[in-house]
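Remarks on the structure that follows.
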Amino acid sequence: MRIVLGVGGGIAAYKVASLLRLFTEAGHHVTVIPTEAATRFVGTATWEALSGNPVSNSVFDDVHQVNHVRLGHEADLVVIAPATADLLAKAATGQAGDLLTNTLLMAHGPVLFAPAMHTEMWQHAATQANVETLRSRGAAVLEPATGRLTGSDSGPGRLPEPEVIFDAAMALVQGETDYQLPLAGRTVTISAGGTREPLDPVRFLGNRSSGKQGVALAVAARNAGATVRLLAAHMEVPAPAGVEVVPVETALQLREAALAAAAGSDVVIMSAAVADFRPAEVSDTKIKKRDDSADPVITLVRNPDILHELVELRNSAGHGKRQQLIVGFAAETGDSDGDVLAYGEAKLERKGCDLLVVNHVGADKVFGQDTNSVVILSRSGAEPQEAAGTKTEVSAAIISRIGFELNHVSPRA
Ligand code: CTP
């Protein structure tokens, strides 16, 4: 396939080098056309080397080949990334001041814009009107991803990840209208890590959760276009950039944070390992060992089941409200009474969530590891879906399944 890759003048231009690699490695012939401003971020030599083709942004280079007409005519696909506010405006108003805008006016095949800019620029009425105009003329404009922007600010405006733009471009060429990021415009709350239940100021009851799976889910949801809130219990890995982090320690704190965050969320994923019990008494001072005293006894009380509470809250919210998708995790071991899947099915019913991601755990499995193997059970009646690989790969499968359920499966109470 012949692809024209138009690169706009934004800091995200460097990420487009990875997108170019994805196109060339898939066997496509790519002509890169950077704008003048884009060459201030990434030089022409990089684009020539990576594409294996000459690069120009002037209509006056190789005039005998009539590039300003030919490139757009011949292209099976034109992808603009990053599509800056300026480029969207020029495209919407049909300007033709350089080789890229000429090419856009001559494009016969599908055109995909992957915007990247600061949130206010993206949300500005002028930019939104330009996006509408382009879409009404049949161009595909991706929703920008949400997350950390160039400065200290964050919000919608990040360039979607190269893999996401690649997938969208391929979907577009195949005539699929479903090229948008699966979670564009959605808010996703994810709990991650393990809660710690204090006994005294220095001791706690904890668990072996590393938070890796929850963090990988947060990255996958962010890359799928969602606004992500990460309710972070104890984690051994840092929280990713571009997500809002709410630190929590105990199950009770997590419950409070989850109920508050759920109110504005389209999706809630409970991947945290929540302690089922907490010490009944928490000593204000360090518990001392005294030689003459008997062995201490810790009395435990039950913690609330947060997942179950979230489901009840959602179900009682009434019919006017858009249904929320709630995803639970289950760490299971099989025994003589049933296998892992049977226990998973029973837990799905008991908890009432929409999806349950079932992990098969053992001393050597899952906790702290980089790989995972899960089965996703659904209350919509779909077949159990297996996903295995790195926690990143498993997360991508879970997030794409969530996107499918949100966009294609009608909600059930
Ligand atoms: N969970 C929760 N609140 C709790 C305990 C667990 O919200 N107090 C959530 C977890 O985040 C997970 C799901 O419930 O999404 C399953 O947790 P798990 O401990 O495996 O299931 P339990 O219902 O506690 O069942 P059991 O321990 O009996 O297997």
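Start at 1 and go down the list; that is how both ligands and their atoms are numbered.
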Determine, using heavy atoms of R350 and all atoms of ligand 1, whether some pair is separated by less than 4.0 Å.
yes
I need the atoms of ligand 1 closer than 4.0 Å to a non-hydrogen atom of D305, numbered in the order shown.
2 (C), 3 (N), 4 (C), 7 (O), 8 (N)
Would the distance check show the side chain of Q253 and the main-chain N or O of E249 forming a donor-acceptor pair, the cut-off being under 3.5 Å?
yes
Indicate, with yes or no, if the rings of F166 and F23 have centres closer together than 6.0 Å.
yes
Hey, what do you get for NZ (K347) to CG (L377), rounding to the nearest 0.5 Å?
11.0 Å
With a 4.0 Å cut-off on heavy atoms, is A251 in contact with ligand 1?
no
Closest to atom 13 (C) of ligand 1 among protein heavy atoms sits F329 O, 2.9 Å
For atom 3 (N) of ligand 1, grab the closest protein heavy atom and report residue, atom and distance to one decimal in Å.
I306 N, 3.0 Å
For atom 11 (O) of ligand 1, closest protein heavy-atom neighbour
A272 O, 2.8 Å
Under 3.5 Å donor-acceptor, N130 side chain and L88 backbone
no
Can you name the nearest heavy-atom pair linking L355 to L348, along with the distance?
C-CD1, 4.1 Å
Have a look at ligand 1 and work out which part of A273, if any, has a heavy atom under 4.0 Å from it: side chain, backbone, both or neither.
neither
How close do P115 and V141 get, counting heavy atoms only, and between which atoms?
CG-CG1, 3.8 Å
Based purely on interatomic distance, does G328 place a nitrogen or oxygen under 3.5 Å from a nitrogen or oxygen of ligand 1?
no
protein heavy-atom neighbour closest to atom 7 (O) of ligand 1 works out as L307 N, 2.7 Å
Nearest-neighbour protein heavy atom for atom 20 (O) of ligand 1, which is reported as residue plus atom name and distance
K347 NZ, 2.9 Å
Test your reading of the model: is there a side-chain donor-acceptor pair from T44 to the backbone of V55, 3.5 Å cut-off?
no
Identity and separation of the nearest protein heavy atom to atom 14 (O) of ligand 1
K351 NZ, 2.9 Å
Looking at L252, N207, V274, the heavy atom closest to atom 4 (C) of ligand 1 belongs to V274
Distance to 0.1 Å, residue and atom name: give those for the protein heavy atom nearest to atom 8 (N) of ligand 1.
P304 O, 2.9 Å
Closest non-hydrogen protein atom to atom 5 (C) of ligand 1, residue and atom name please, with distance?
D276 OD1, 3.2 Å
Contact atoms of ligand 1, heavy-atom distance to A331 under 4.0 Å
20 (O)
List the steps, then state whether side chain to side chain donor-acceptor pair (under 3.5 Å) holds for E48 with T46.
CA-CA 6 Å; E48 289 200 348; T46 302; over 6 Å; no
Between R222 and A241, is there a donor-acceptor pair closer than 3.5 Å when you use the side chain of the first and the backbone of the second?
yes
To the closest 0.5 Å, what do you measure between OG (S378) and CG (D354)?
7.5 Å
Show me which atoms of ligand 1 lie under 4.0 Å from any heavy atom of M270.
7 (O), 11 (O), 12 (C), 15 (O)
